[in-house]
Amino acid sequence: MLLRSFCLYFHVKDLLLSPIYTFSRRISISPSSNLKTLCSNGQLNEALLQMAILGSEMKFEGYDTILNQCVSQRAIREGQRVHAHMIKTCYLPPVYLRTRLIVLYNKCDCLGDAREVFDEMPLRNVVSWTAMISAYSQRGFASQALNLFVAMLRSGTEPNEFTFATILTSCIGSLGFQIGRQIHSIVIKRNYESHMFVGSSLLDMYAKSGRVHEAHGVFQSLPERDVVVCTAIISGYAQMGLDVEALKLFRQLQSEGMHSNYVTYASVLTALSGLAALNHGKQVHNHVLRSGQSLNVVLLNSLIDMYSKCGNVCYARRIFDHMSERTCISWNAMLVGYSKHGMGGEVLELFKLMREENKVKPDSITYLAVLSGCSHGQLEHKGLEIFYNMADGKDGIEPDIEHYGCVVDLLGRVGRIEEAFDFIRKMPYVPTAAIWGSLLGSCRVHSNVDIGIIVGQKLLEIEPENAGNYVILSNLHASAGKWEDMRNIRDLMQEKAVIKEPGRSWVELDQIVHTFHASDHTHPRREEVARKVKELAIKFKEEGYVPNLSCVLYDVDEEQKEKVLLGHSEKLAMAFWLIAAPEGATIRVIKNLRVCVDCHSFAKFVSKLYARTIILRDKNRFHNIVGGICSCGDYW
DNA sequence: TTAGGGTTAG
């Protein structure tokens, strides 16, 4: 029943009595006309009339010609008439033609009809099995594709390189990885491991499952590599967040003479977006323009994303405005760009433009971008209005748990903590750690100790490995004077041996990315940088800077805590910039985690006392700090 | 006749 619902049109058997079919018998066709000529001229309707006249005289060649034309035109109604004609004239199509029907039905989104043809086949070969497996795989029915692959092996039909390349694309993700590995062993046994298409599918399966070593191993073992294989490994690295490795490999392969196409560039731009390496991004953009590569919509979408994630949202908008064709992803990339910069007004204006233009329908991601844009832009009334109109509005998009998460953020941000708590309890989804974490952050900012403690306890149960939760909860206990509880939480944190992802910040100066780790011991100018941070702290304290010791995870004395704070990577990156960059240059710092409250305050002092603009990108958003004021409104 | 890599969100 589920499969039948994929058929957008009526069943082939209904067409036996179709008025057009009956009418066609009364039309006279010139004898010189034949199916081949009509099809090659794209005259499919005329070809159908010819088929009707020929009746049971239709043979393999005629069906083959007309079906091929239906496939290339994605002409489902016409294809169904051909199928109906076969049934009516009692023609028994060979495997080849039945496979063409499977392909046609798949291309036209009629998966149920494709399966019906497959089930009714008296004989099947590797191509028909692969065509049906591919149909399931392309439509996202991975388990059906896998079941059919197993059935194929049991039937004794040997898979070929097409089958392996197809089935491996169904094994993407954590669930499919174990099966993917089993299929890999079958690939080895059948000697298909060196095949380029099979290899790129294997590589991609491992990369998308986060198995970097396996992906690299497949890449190394391939005797031949083309642009697709090279792009698969670069894109795999970028998708796994290994941006530096992706770029290194891109450069290495380029120096070895690799040919790049738009997919390669899009993957490289993803890596550059992750690094926020604006100058490198500009270089790639120039390289694309010089290479004569056409700037298609995918590449332009990647450029919008790269420029906005590198802090240059105006340039992203210029590209967006000059696009001759935009997809939903183009709009989403631009909306996300504005949202991450806290530009709520621009988000709403662009969303309005999208609706007015009415060429592209907003999707679920558009709504996520708009709601988070309202949240970061402190436009909670507008955000709530959009959320409550989502499902009933003309787009008819049912909010999912992430949209609910945006509302929790919207309410919490403006201090409507009780409402946010109530909203979570009433929503039709089980709240995730991210949602409770968002509310806990609001409780911290708005000092709501009572709800904060309840939420914090819930979080410790579902996310015991997250160190940040222990710290916020312990601080909430401390602010309520519950010292015993505070100590218990600290002990619990030690006991659970929670590991915090190490903080890392970087700046790009003269095309070189300088990375700093917390209490850095690696950068060549680390001693000079550490002295500069101390000097800044003394200067800022005279102007009112008070180190926020609650940001320190460790249970050490106050002097030690201050030392830890001064070692935070974003402070080191800013100090390095003040030492090494030209006078007055904008400070662009990227951090892998969310910026801590103390570093945020420190950055505001830098911007004010050194008259610098600071563009600080953390894990969630941009902080544009000018004259001691941040675009996030001190809430992030 | 059937195959491989890509752009937004989290």
Side-chain angles (χ1 to χ4, degrees), chain A residues 64 67-68 71 94-104 106 124-135 137-138 152 157 159-169 192 195-205 207-208 215 218-219 222 225-236 238-239 260-270 273 296-306 308-309 316 320 326-337 339-340 360 362-373 400-403 405-406 432 434-435 619-620:
Chain A
D64 181 31
L67 269 182
N68 277 337
V71 171
V95 178
Y96 175 92
L97 284 182
R98 290 178 197 259
T99 308
R100 296 304 287 154
L101 281 169
I102 292 172
V103 172
L104 171 77
N106 173 41
R124 297 180 190 120
N125 61 17
V126 59
V127 182
S128 43
W129 278 100
T130 307
M132 196 60 231
I133 292 169
S134 172
S137 175
Q138 284 171 19
M152 177 186 179
T157 312
N160 64 12
E161 64 273 30
F162 287 77
T163 323
F164 285 121
T166 301
I167 195 62
L168 283 164
T169 59
Y192 280 105
H195 193 283
M196 205 147 47
F197 279 36
V198 178
S200 58
S201 293
L202 261 175
L203 193 168
D204 192 51
M205 181 273 294
K208 289 204 169 80
V218 173
F219 181 72
L222 279 174
R225 296 167 186 165
D226 67 355
V227 62
V228 176
V229 174
C230 294
T231 305
I233 186 79
I234 292 169
S235 137
Q239 284 167 10
S260 297
N261 63 18
Y262 79 97
V263 184
T264 324
Y265 290 121
S267 305
V268 171
L269 287 168
T270 302
S273 298
N296 66 10
V297 70
V298 171
L299 203 38
L300 289 167
N301 292 345
S302 302
L303 283 167
I304 291 173
D305 181 55
M306 183 275 290
S308 69
K309 285 194 181 147
F320 178 84
R326 296 187 193 110
T327 61
C328 193
I329 294 179
S330 323
W331 290 91
N332 292 351
M334 197 63 240
L335 287 164
V336 168
S339 168
K340 285 199 182 286
V360 176
D363 66 4
S364 164
I365 296 167
T366 315
Y367 275 94
L368 273 183
V370 172
L371 291 173
S372 73
D400 65 29
I401 191 155
E402 274 148 4
H403 299 101
C406 287
T432 57
I435 288 182
K619 201 178 179 183
N620 276 9

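Here the structure is a predicted model, which means the values were calculated and not measured. Protein chains get the first letters and strands the later ones, always in sequence-line order, with residue 1 at the start of each.
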Task: Side chain of A:Val127 - closest among B:dA9, B:dT2, B:dT8 - done: B:dT2
Task: Rounded interatomic separation in angstrom, taking CH2 from A:Trp331 and P from B:dT7 - done: 22 Å
- [ ] Just compare B:dG4, B:dT8, B:dT2 and give me whichever is closest to any side-chain atom of A:Val336.
- [x] B:dT8
- [ ] Take the angle between the ring planes of A:Trp331 and A:Phe320 and call it parallel below 30°, perpendicular above 60°, tilted in between.
- [x] perpendicular
TODO: Tell me what A:Thr169 touches on the nucleic acid: a base, only sugar-phosphate, or nothing, going by heavy atoms under 4.0 Å.
DONE: sugar-phosphate
Open item on the list: Distance check needed: B:dT1 P versus A:Asn125 CG, whole Å only.
Closed with: 12 Å
Open item on the list: Check this one for me: any side-chain N or O of A:Ser134 less than 4.0 Å away from OP1 or OP2 of B:dA3?
Closed with: yes
- [ ] Go through B:dA3, B:dG4, B:dT8 for me and flag the one nearest to the A:Val228 side chain.
- [x] B:dG4
TODO: For residues A:Ser137 and A:Thr166, report the shortest heavy-atom separation together with the two atoms involved.
DONE: OG-O, 3.8 Å
Task: Residue A:Ala266, side-chain heavy atoms: nucleotide from B:dT8, B:dG5, B:dT7 that is nearest - done: B:dT7
- [ ] In whole angstrom, give the distance that lies between atom CG of A:Asn160 and atom P of B:dT2.
- [x] 12 Å
TODO: Compare the ring of A:Phe162 with the six-membered ring in the base of B:dA3 and state whether they stack (centres under 5.5 Å, planes under 30°).
DONE: yes
Task: Given B:dA3, B:dA9, B:dG5, the nucleotide with the shortest approach to the side chain of A:His195 - done: B:dA3
TODO: Answer yes or no: does a side-chain N or O of A:Arg98 lie under 4.0 Å from OP1 or OP2 of B:dT1?
DONE: no
- [ ] Indicate, with a heavy-atom threshold strictly under 4.0 Å, whether A:Asp363 touches base, sugar-phosphate, or nothing.
- [x] nothing
Task: Phosphate contact (B:dG10 OP1 or OP2) by A:Gln239 side-chain N/O below 4.0 Å - done: no
Task: Nearest heavy atoms of A:Lys340 and A:Asn620, plus distance in Å - done: NZ-O, 3.2 Å
Open item on the list: By nearest atom, which of the nucleotides B:dA3, B:dT2, B:dT7 is closest to the A:Asn301 side chain?
Closed with: B:dT7
TODO: Name the nucleic acid region contacted by A:Thr270, choosing base, sugar-phosphate or nothing; use a 4.0 angstrom heavy-atom cut-off, strictly under.
DONE: sugar-phosphate
Open item on the list: Under 4.0 Å, heavy atoms only, any strand: does A:Asp64 hit a base, just the sugar-phosphate, or nothing?
Closed with: nothing
- [ ] Using whole Å, report how far CZ of A:Phe219 lies from P of B:dG5.
- [x] 16 Å
Task: Nearest-Å distance for atom pair NZ/P, residues A:Lys208 and B:dT7 - done: 7 Å
Task: Sugar-phosphate only, base, or nothing, as touched by A:Lys309 at under 4.0 Å among non-hydrogen atoms - done: sugar-phosphate
TODO: Remember a base hit wins even if backbone is also touched, and classify A:Tyr265 as base, sugar-phosphate or nothing at under 4.0 Å, heavy atoms.
DONE: nothing
TODO: Grab the two heavy atoms, one from A:Leu222 and one from A:Arg225, that are nearest each other, plus how far apart they are.
DONE: O-NE, 4.2 Å
TODO: Would you kindly give the CD1-to-C1' distance between A:Ile435 and B:dG10, to the nearest whole Å?
DONE: 11 Å
Task: Under-4.0 Å side-chain N/O to phosphate OP1/OP2 contact, A:Gln138 with B:dA3 - done: yes
- [ ] Determine whether A:Met152 and A:Pro159 make a side-chain contact, defined as any pair of heavy atoms from C-beta on separated by less than 4.5 Å.
- [x] yes
- [ ] Would you classify A:Thr99 as touching base, sugar-phosphate or nothing, given that sugar-phosphate means primed atoms plus P, OP1 and OP2, and contacts are heavy atoms under 4.0 Å?
- [x] base
- [ ] Classify the side chain of A:Ser200 versus the base of B:dG4 as yes if they form a donor-acceptor pair under 3.5 Å and no if they do not.
- [x] yes
TODO: State, with a plain yes or no, whether a side-chain heavy atom of A:Asp226 is found less than 4.5 Å away from one of A:Val229.
DONE: yes
Open item on the list: Rounded to whole Å, please give me the gap between CD1 in A:Ile102 and C1' in B:dA3.
Closed with: 16 Å
Open item on the list: Nearest to the side chain of A:Thr130, heavy atoms from C-beta on, is which of B:dA9, B:dG4, B:dT2?
Closed with: B:dT2
Task: Any donor-acceptor N or O pair under 3.5 Å, side chains A:Thr163, A:Thr130 - done: yes
Open item on the list: Applying a 4.0 Å non-hydrogen cut-off, can you work out what A:Val229 is touching in the nucleic acid: base, sugar-phosphate, or nothing?
Closed with: base
Open item on the list: Mind checking if A:Met196 touches a base, just sugar-phosphate, or nothing, with heavy atoms under 4.0 Å?
Closed with: base
Open item on the list: So A:Glu161, base contact, sugar-phosphate only, or nothing? Heavy-atom distance under 4.0 Å.
Closed with: base
Open item on the list: Within the 4.0 Å heavy-atom criterion, would you say A:Asn68 contacts the bases, only the backbone, or no part of the nucleic acid?
Closed with: nothing
Open item on the list: Base, sugar-phosphate or nothing for A:Val227? Non-hydrogen atoms, less than 4.0 Å.
Closed with: base
Open item on the list: From OH of A:Tyr96 over to C1' of B:dT2, roughly how many Å is that when rounded to an integer?
Closed with: 11 Å
